[in-house]
2 protein chains.
Amino acid sequence: MRAPRVGFIGLGAMGMGMARNLHAAGWLSIVWNRTRERAVALAGELGVAVAHEPTALARAAECIVTSVSRDADLAAVVEALLPGLIPGTVVCDTSTVGADTARAWSRRLAERGAHFLDCPVSGGAEGARTGRLAMMVGGEAEVLEQVRGPLSAMAATIVHMGPSGSGQATKAVNQIMAAGIAEAVTEALAFGVLMGLPMDKVIEVVSQGAAANWFLSHRGRSMLEDLFVPGFKVSLHHKDLLICREMAAAAGGMGLPVVEMTLGDYGRLMDEGHGEEDISALIRIKRAPEGQLI
Amino acid sequence: MRAPRVGFIGLGAMGMGMARNLHAAGWLSIVWNRTRERAVALAGELGVAVAHEPTALARAAECIVTSVSRDADLAAVVEALLPGLIPGTVVCDTSTVGADTARAWSRRLAERGAHFLDCPVSGGAEGARTGRLAMMVGGEAEVLEQVRGPLSAMAATIVHMGPSGSGQATKAVNQIMAAGIAEAVTEALAFGVLMGLPMDKVIEVVSQGAAANWFLSHRGRSMLEDLFVPGFKVSLHHKDLLICREMAAAAGGMGLPVVEMTLGDYGRLMDEGHGEEDISALIRIKRAPEGQLI
């Protein structure tokens, strides 16, 4: 297969960075976005085409990368792509959706002679911007090899997890871990504030020991300054954790107390109007009463 | 002050590594351990002296490093050192004890013209072995500078946190974070097992994204092989979390739901005979029923 022309759909906080990196590596040929202005602006800047509708993008690309927020958004986008899909086209969905959703789209595209890979990513908006995402891929290994070039422009780590859906199942593992880490880091830093410690130094030294983690290094300082610009939104992580809960139930059930704690806390943040903030806003409800912002 | 002769007390999982690194850097002159055989064996191997009692060690060292498990052990050791302490001696306690305990010993030693620094560490047995610990120091900054040489043989990161007790308060932050991370990683990996994922690949890819953390990288594979050699013991982390709970209450109170969840889980592990295992044994009680070991 010759180098595929790549179309990109979904220019949000993650998608914008990924599309820019695809362009920088010479892959990007056409974009589409639900809010058209964002697509027009980026296309003008980069000198690539804007599709008037997903069907047109489908006709112009052999590899289509999607980055949307929810199962329903993915459904709308892929339904709209279908009439234009050329047999052999590979749709790489970097969104976080259910493993069942990924498997269903994989079957649906196979009926048209096209391929679907679930390619969810982790690494935050900064990972998308720097092209250093970690990507967990479900689907056929040979199909992954066909699009490894463009995917490598977005992700520093690409791991084939197994058949369709296994990328999303791995992302669910990632999201459970990220939830518990957010609970841990916000509770620990709120405790440090209560102790009156110099928090910059706390982050400096704790980051070098056995509690070291990405979230502390990337969100520790900003959360202590009450800056909760996403990053990763509370409402989206809440949605992901509901998917995890459903997947566990469908697999016969296991207790997920960390997930349940985080869902409760995110629900409270959303009720109080903080759903569009970064998940580090969890520190709002961890703080001792006198320091509490809410 | 000329280069201080260093005495080391407490040759456990952490202390043994730290003492070896002090020796390798030319600082170690004398050791003492409650279980005398361990001290005799190490001293024979390294060619350093063994003190018959802590008093003798106090008379032979200007810098004394202690590494014990509990407040009561520290009390016994420092009480035993007191009669031999030379004015100007610096006791560097790398144990994890309460901030109040550290402050009390600092006052007590000051009455004798000696100094006490709380120098708790993080980085696990591997950090102790490699001399790459993170050390959080409470006490007078000038006193820390007097012993920075020997401390640097054990720790790659040394941060002065503030007055006496602030090293221990920082360690409490670290231990709360480590608890929540252990809950998060074990729950997420148990979920991945339930999903039937190839877990080596899960660890590989998740370690490169926004859920990356020390505990996953250092304990992920071993816990999936049911290997729970400490590392860091459940019973000791349980003790540390009780200290955190007391410190929060003494400071006017704040909710610590992550700490309470972990205390409950550790309590169950201890009841079931797993208190001397590594804290990654938490995965025992996270597993879905059919995969459960207990």
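We name chains A, B, ... by the order of the sequence lines, and we start the count at 1 in each one.
Taking chain A as the reference chain and counting heavy-atom pairs below 4.5 Å, the highest number among B:Val121, B:Leu216, B:Thr186 is found for B:Leu216. Contact count against chain A (heavy-atom pairs under 4.5 Å) is highest for B:Ala190 among B:Ser217, B:Ala156, B:Ala190, B:Gly127. Note on A:Gly162, A:Gly255, A:Ala248: by heavy-atom pairs under 4.5 Å with chain B, the leading option is A:Ala248. Counting heavy-atom pairs under 4.5 Å between each of B:Leu133, B:Ile181, B:Leu256 and chain A puts B:Leu256 at the top. Of the listed residues (A:Thr262, A:Asn213, A:Ile158), the one with the most heavy-atom contacts under 4.5 Å to chain B is A:Asn213. When each of A:Val202, A:Val185, A:Ile176 is scored by its heavy-atom pairs under 4.5 Å with chain B, the top score falls to A:Ile176. Contacts with chain A were tallied for B:Thr170, B:Asp265, B:Leu189; B:Thr170 has the most, counting heavy-atom pairs under 4.5 Å.
Partners of A:Lys233 by salt bridge (Lys or Arg N to Asp or Glu O under 4.0 Å), not counting sequence neighbours, listed by chain and number: A:Glu276. For A:Glu260, the salt bridge (Lys or Arg N to Asp or Glu O under 4.0 Å) partners are A:Arg245, not counting sequence neighbours.
Within residues 234-242 of chain B, no residue has any heavy atom less than 4.5 Å from a heavy atom of chain A. Heavy-atom neighbours of chain B within the stretch residues 94-104 of chain A, taken at a separation under 4.5 angstrom, are nonexistent.
Residue B:Met177 holds its CE atom at 7.5 Å from OG of A:Ser207, rounded to the nearest 0.5 Å.
At least one side-chain heavy atom of B:Pro257 sits under 4.5 Å from a side-chain heavy atom of A:Lys286.
Closest heavy-atom contact between B:Ala211 and A:Ala178: CB-N, 4.1 Å. Taking every heavy atom of both residues into account, B:Ala172 and A:Phe191 meet most closely at CB-CE2, 3.5 Å. Across every non-hydrogen atom of B:Ala184 and A:Gly180, the tightest pair is CB-CA, 3.5 Å. When all heavy atoms of A:Gly124 and B:Ala210 are compared, the closest pair comes out as N-CB, 4.4 Å. When every heavy atom of A:Val173 is checked against every heavy atom of B:Gly192, the shortest pair comes out as CG2-CA, 3.6 Å. Of all heavy-atom pairs between B:Lys201 and A:Met161, the closest is CB-CE, 3.6 Å.
In this structure, the portions of B:Met247 lying under 4.5 Å from any heavy atom of chain A include both its backbone and its side chain. No part of A:Ala179 comes within reach of chain B, as not one of its non-hydrogen atoms sits under 4.5 angstrom from that chain. For a residue to count as touching a neighbouring chain, one of its non-hydrogen atoms must lie under 4.5 Å from one of that chain's; by this rule B:Leu197 touches chain A with the side chain only. Residue B:Ala250 does not touch chain A at all, counting heavy-atom pairs closer than 4.5 Å. With a threshold of 4.5 angstrom between heavy atoms, B:Ala182 does not approach chain A through any atom at all.
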Applying side-chain contact (heavy atoms from CB on, under 4.5 Å) to A:Val206 and B:Ser122, what does each step give before you reach the verdict?
CA-CA 8 Å; A:Val206 172; B:Ser122 182; over 6 Å; no

Go through it in stages, so that I can follow the logic: the residues are A:Met261 and B:Val258, the test is side-chain contact (heavy atoms from CB on, under 4.5 Å), and I'd like the CA-CA distance, side-chain angles, deciding distance and then a yes or no.
CA-CA 9 Å; A:Met261 175 188 286; B:Val258 168; 4.0 Å; yes

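Judged by distance alone, the side chain of B:Thr157 and the main-chain N or O of A:Gln208 form no donor-acceptor pair under 3.5 Å. Proximity of a side-chain donor or acceptor of A:Glu187 to a complementary backbone N or O of B:Val259 within less than 3.5 Å is detected.
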